[in-house]
Participant: 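There's a structure below that I have some questions on.
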Amino acid sequence: MSVIKGIKGVKDLLPEETPRWRLIEEAARRWAARYGFHEIRIPIFEVTTLFARSIGASTDIVEKEMYTFQDRDGTSLTLRPEGTAGTVRAYIEHNRAAIPVPQKYFYFGPMFRHERPQAGRLRQFHQFGVESLGMADPQADVEVIALLWRILSDLELPGLTLEINNLGYTADRDTYRPHLVTYLKQHESGLCANCQRRIEANPLRVLDCKVPECRAITEPAPRLADSLSEAARSYFVRVLAGLDRIKIPYSLNHRLVRGLDYYNLTTFEVTATNLGAQNAVGAGGRYDALVETLGGPSTPAVGFAIGIERTSMLLPESTIRKTPEDVTVYVAGFGGQGAAAGFTALEELRLIGLQAVSDFRSATLKAHLRQADRLRCRFTLIIGDDEVAKGSGVLRDMETKVQYDVSLSTLGRQIYALLSGS
RNA sequence: GUGGGUGUAGCUCAGUUGGUUAGAGCGCCGGAUUGUGGAUCCGGAGGUCGCGGGUUCGAAACCCGUCAUCCACCCCA
């Protein structure tokens, strides 16, 4: 019989790995709460047109990376490739714009993109993201960027850099694009095949190309910064001033062009080394037109998303070790009477709030102690037939080997006292 | 979608120009120790050599195909 295996690019998170994930998730939730963001839980699949309209019909995500399928009535549904579209859809659908305070949400969950898996890239991956809706103020940008930076710094990820750029308003990019295209066409022969195609499809993307030849050509190219309107410039200046004020270090990257169409003005990305060919741990930007594009009231917004798998890859052991392990009591019940008494004691320990385990396969004390050792239990409660006869048990400290007699009738209280004293 | 690497014991990997019975370390099980874990010593179990064809007297090794996986391109978190 053939064994059924997991889907390509879709990973199981085994118990050895979940603690580090929980650490990341808890840090993100903690910081998000401090910044006034509230959790929203949105579906993992939506009507396909939601993503096509928001992310951009000609982006790679929409063109070739979506998990799309037909519902029974024929409507096209898609597994979410990112979290912003669904969040904005929910914002509109529940008329959150009518609420007189800024709507600041965070979400955590799986996203799906049909790509070839490699280091730091999976078909089902996880993001923690935030969306700050309703404020067209540079301080809102700064607040969101600060939150991103604080979460990642708190986790002590090594080698982080915050890169930031100003995409300007749509009109700014419209005036800039022809200048860039003209320049690129003059140097077309020197560009990589991909970039030659991009000249027509998405010229700004050429700036983001990693091919050295392309980089050399685009270095002296006309810059978007020179085509920006006064309003866009001053907005960006205020964002940077805000970052300076609260001491968030950043570096300007005029090549930073995000892959999703809905961004405008501020865009940013936190990059790291040691991520294989990938380098973005978290990224985001402002998207003032998206809510309206999706049929909602004109609503300015900023957000970001963190890649959890990538964060996990970078998470140093030292950060994980800071979390203290809970003390677990192993109960070694053996023999005709002892096994039964042990099982009762096991439950009693749990009822008073302790973590207690046993391996019911073990029939001898030796076997039990071996399992207690493997399970890394700090204490073992030994209950054999002799103990049952005496109405007591033996609590053994596995590290010091010191043993205490405990009465079976008042087990819970005694053990609790001994453990809290240790 | 394209390119490259790797598939041998539970894990990490050796395996000579194709040669007889495929190995090591770690782990696992048992014993030394019949009520005291880890350490040590002794013993033991465990393999469709990814799968399917082909070449050959003979294939883990060579050839073809296929699948899986990793890495990279592309793109992104």
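On a predicted model such as this, the values are computed, not experimentally measured, just so you know. Numbers restart at 1 for each chain; the letters A, B, ... are given by sequence-line order, proteins then strands.
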Participant: Give A:Q403 one of three labels, base, sugar-phosphate or nothing, depending on what nucleic acid heavy atoms sit under 4.0 Å from its own.
Facilitator: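 Base, at least one base atom sits under 4.0 Å.
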
Participant: Is any side-chain heavy atom of A:V47 less than 4.5 Å from a side-chain heavy atom of A:S76?
Facilitator: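 Heavy-atom side-chain distance check fails, nothing below 4.5 Å.
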
Participant: So which pairs with a foot in residues 45-59 of chain A pass salt bridge (Lys or Arg N to Asp or Glu O under 4.0 Å), sequence neighbours left out?
Facilitator: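 Only A:E46-A:R89 qualify under salt bridge (Lys or Arg N to Asp or Glu O under 4.0 Å).
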
Participant: Residues in salt bridge (Lys or Arg N to Asp or Glu O under 4.0 Å) with A:K390, at least two apart?
Facilitator: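 Salt bridge (Lys or Arg N to Asp or Glu O under 4.0 Å) check on A:K390 returns nothing, list empty.
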
Participant: Name every residue in residues 355-372 of chain A that has at least one heavy atom under 4.0 Å from any atom of RNA chain B, in order of residue number, or write none if there are no such residues.
Facilitator: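 Only A:L365, A:K366, A:L369, A:R370 qualify.
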
Participant: Could you tell me how far B:rC70 sits from B:rG54 if I compare only their C1' atoms? Round to whole Å.
Facilitator: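 Here B:rG54 and B:rC70 have their C1' atoms 29 Å from each other.
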
Participant: Which whole number of Å gives the distance between the P atom of B:rG50 and that of B:rU6?
Facilitator: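 B:rG50 and B:rU6 have their P atoms separated by 13 Å.
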
Participant: On RNA chain B, does the nearest nucleotide to A:F125 precede the nearest nucleotide to A:D373 from the 5' side, or the other way round? Give the residue.
Facilitator: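 It is A:D373, whose closest nucleotide lies nearer the 5' terminus.
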
Participant: Could you tell me if the side chain of A:D405 sits less than 4.5 Å from the side chain of A:V394, heavy atoms only?
Facilitator: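 When only atoms from C-beta onward are counted, A:D405 and A:V394 do touch, with a gap below 4.5 Å.
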
Participant: Once you round it to whole Å, what is the distance between P of B:rC74 and CD1 of A:I61?
Facilitator: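 Nearest whole value for this atom pair: 16 Å.
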
Participant: If we take the C1' atom in both B:rA24 and B:rU8, what is their distance in whole Å?
Facilitator: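 The answer is 13 Å between these two C1' atoms.
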
Participant: Rounded to the nearest 0.5 Å, how far apart are CD1 of A:I415 and CG of A:L381?
Facilitator: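 Rounded to the nearest 0.5 Å, the CD1-CG separation comes to 4.5 Å.
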
Participant: Taking CG from A:L79 and P from B:rA77, how many angstroms apart are they, rounded to a whole number?
Facilitator: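 Distance check: A:L79 CG to B:rA77 P gives 17 Å.
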
Participant: Measure the shortest side-chain to side-chain distance between A:R80 and A:F51 over non-hydrogen atoms and say whether it is less than 4.5 angstrom.
Facilitator: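 Answer yes - side chains close enough.
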
Participant: Using whole Å, report how far CZ of A:R123 lies from C1' of B:rG1.
Facilitator: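 That distance rounds to 11 Å.
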
Participant: On a whole-Å scale, what distance lies between the P atoms belonging to B:rU16 and B:rC62?
Facilitator: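 Looking at atom P only, B:rU16 and B:rC62 are 9 Å apart.
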
Participant: If you write RNA chain B from 5' to 3' in dot-bracket form, with Watson-Crick or G-U pairs under 3.5 Å, [ ] for crossing pairs and | for pairs with another strand, what do you get?
Facilitator: (((((((..((((.....[...)))).(((((.......))))).....(((((..]....))))))))))))....

Participant: A side-chain contact here means heavy atoms from C-beta on lying under 4.5 Å apart; do A:F236 and A:L252 qualify?
Facilitator: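 In short, these two side chains touch, coming nearer than 4.5 Å.
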
Participant: Rounded to whole angstrom units, what separation is found between the CG atom of A:L152 and the P atom of B:rA77?
Facilitator: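 Atom-to-atom, A:L152 to B:rA77, this comes out as 14 Å.
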
Participant: Report which part of the nucleic acid A:F334 touches: base, sugar-phosphate, or nothing (heavy-atom distance under 4.0 Å, all strands).
Facilitator: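 Touches a base.
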
Participant: Do A:Y105 and A:R96 have side chains that approach each other closer than 4.5 Å (heavy atoms only, starting at C-beta)?
Facilitator: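 A side-chain contact under 4.5 Å exists here.
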
Participant: What does the B/S/- profile of nucleotides 42-50 of chain B look like, 5' to 3', with a 4.0 Å heavy-atom cutoff to protein?
Facilitator: ---------

Participant: Got a sec, which pairs hit side chain to side chain donor-acceptor pair (under 3.5 Å) with one end in residues 148-160 of chain A, sequence neighbours left out?
Facilitator: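 Found A:R30-A:D154, A:W31-A:D154, A:W149-A:S153, A:E156-A:T319, A:E156-A:K322.
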
Participant: Using only heavy-atom distances, determine whether the side chains of A:D244 and A:Y250 contain a donor-acceptor pair under 3.5 Å.
Facilitator: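 Distance-only check passes for A:D244 and A:Y250.
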
Participant: Taking atom CD1 of A:I383 and atom CG of A:L411, what is their separation to the nearest 0.5 Å?
Facilitator: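 Interatomic distance, A:I383 CD1 to A:L411 CG, rounded to 0.5 Å: 6.0 Å.
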
Participant: Hey, which of A:E219, A:E163, A:E269 is the one that makes salt bridge (Lys or Arg N to Asp or Glu O under 4.0 Å) with A:R255?
Facilitator: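 Only one option passes, and that is A:E219.
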
Participant: Verify the contact: side-chain N or O of A:R374 to OP1 or OP2 of B:rC28, cut-off strictly under 4.0 Å; return yes or no.
Facilitator: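 True: A:R374 side-chain N/O within range (under 4.0 Å) of B:rC28 OP1/OP2.
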
Participant: Given the C1' atoms of B:rU20 and B:rG37, what is the spacing between them in whole Å?
Facilitator: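 B:rU20 and B:rG37 have their C1' atoms separated by 46 Å.
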
Participant: Which value, in whole Å, describes the distance between the P atoms of nucleotides B:rA59 and B:rC13?
Facilitator: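 It comes out at 28 Å once rounded to the nearest Å.
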
Participant: What residues, two or more places apart in sequence or in another chain, satisfy salt bridge (Lys or Arg N to Asp or Glu O under 4.0 Å) together with A:E26?
Facilitator: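 Partners of A:E26 by the salt bridge (Lys or Arg N to Asp or Glu O under 4.0 Å) criterion come out as none, since no residue qualifies.
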
Participant: Nearest whole angstrom, please: distance from the C1' of B:rG38 to the CZ of A:F379.
Facilitator: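 Going from A:F379 (CZ) to B:rG38 (C1'), I get 17 Å.
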
Participant: Applying side-chain hydrogen bond (donor to acceptor under 3.5 Å, both in side chains), can you list everything that pairs with A:T364, at least two apart in sequence or on another chain?
Facilitator: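 For A:T364 there are no side-chain hydrogen bond (donor to acceptor under 3.5 Å, both in side chains) partners, ignoring immediate neighbours.
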
Participant: At a heavy-atom distance below 4.0 Å, what parts of residues 306-315 of chain A sit against RNA chain B?
Facilitator: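 Close to the strand are A:G307, A:R310.
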
Participant: Provide the distance between the two C1' atoms, one in B:rG23 and one in B:rC49, to the nearest whole Å.
Facilitator: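 It comes out at 12 Å once rounded to the nearest Å.
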
Participant: Does the side chain of A:T266 come within less than 4.5 Å of A:Y235's, by heavy atoms?
Facilitator: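 A side-chain contact exists here, since the closest heavy-atom pair is under 4.5 Å.
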
Participant: Could you check whether A:E387 gets within reach of a base, just the sugar-phosphate, or nothing at all, counting any heavy atom under 4.0 Å?
Facilitator: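 Since a base atom lies under 4.0 Å of A:E387, the category is base.
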
Participant: Within the sub-3.5 Å range, which N or O atoms of nucleotides 68-71 of chain B have a protein N or O partner, and how far apart are they?
Facilitator:
from: B:rU69; atom 1: OP2; to: A:K8; atom 2: NZ; distance (Å): 3.3
from: B:rC70; atom 1: OP1; to: A:K11; atom 2: NZ; distance (Å): 3.1
from: B:rC71; atom 1: OP2; to: A:A119; atom 2: N; distance (Å): 2.9

Participant: Identify each donor-acceptor pair in which a side-chain atom of residues 110-124 of chain A lies under 3.5 Å from a protein atom, sequence neighbours left out, and give them as a table.
Facilitator:
from: A:R113; atom 1: NE; to: A:P81; atom 2: O; distance (Å): 2.9
from: A:R113; atom 1: NH2; to: A:P81; atom 2: O; distance (Å): 2.9
from: A:H114; atom 1: ND1; to: A:Y67; atom 2: OH; distance (Å): 3.4
from: A:H114; atom 1: NE2; to: A:R123; atom 2: NH2; distance (Å): 3.4
from: A:R121; atom 1: NE; to: A:R116; atom 2: O; distance (Å): 3.1
from: A:R121; atom 1: NH2; to: A:R116; atom 2: O; distance (Å): 2.4
from: A:R123; atom 1: NE; to: A:E115; atom 2: O; distance (Å): 2.6
from: A:R123; atom 1: NH2; to: A:E115; atom 2: O; distance (Å): 3.3

Participant: Please name the residue in the list A:T380, A:D359, A:L346 that meets the side-chain contact (heavy atoms from CB on, under 4.5 Å) test with A:V331.
Facilitator: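 Going through A:T380, A:D359, A:L346 one by one, the side-chain contact (heavy atoms from CB on, under 4.5 Å) with A:V331 is satisfied by A:L346 alone.
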
Participant: Within this structure, what is the CG-to-P distance between A:D60 and B:rA77, rounded to whole angstrom?
Facilitator: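 Rounded to whole Å, this separation is 11 Å.
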
Participant: With nearest nucleotide decided by heavy atoms, which residue, A:R121 or A:V270, maps closer to the 5′ end of RNA chain B?
Facilitator: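 Nearer the 5' end of the strand: A:R121.
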
Participant: Can you check the distance between B:rU17 and B:rG58, where both ends of the measurement are the C1' atom (answer in whole Å)?
Facilitator: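 Approximately 15 Å lies between the C1' atom of B:rU17 and that of B:rG58.
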
Participant: Quick one: side chain to side chain donor-acceptor pair (under 3.5 Å) pairs with a partner in residues 12-21 of chain A, sequence neighbours left out?
Facilitator: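 Qualifying pairs, neighbours excluded: A:R20-A:S312.
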
Participant: Roughly how many Å is it from NZ in A:K401 to P in B:rG38, rounded to a whole number?
Facilitator: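 Value for this atom pair: 9 Å.
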
Participant: I need the CG-C1' distance between A:D386 and B:rU36, as an integer number of Å.
Facilitator: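 Going from CG in A:D386 over to C1' in B:rU36 covers 13 Å.
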
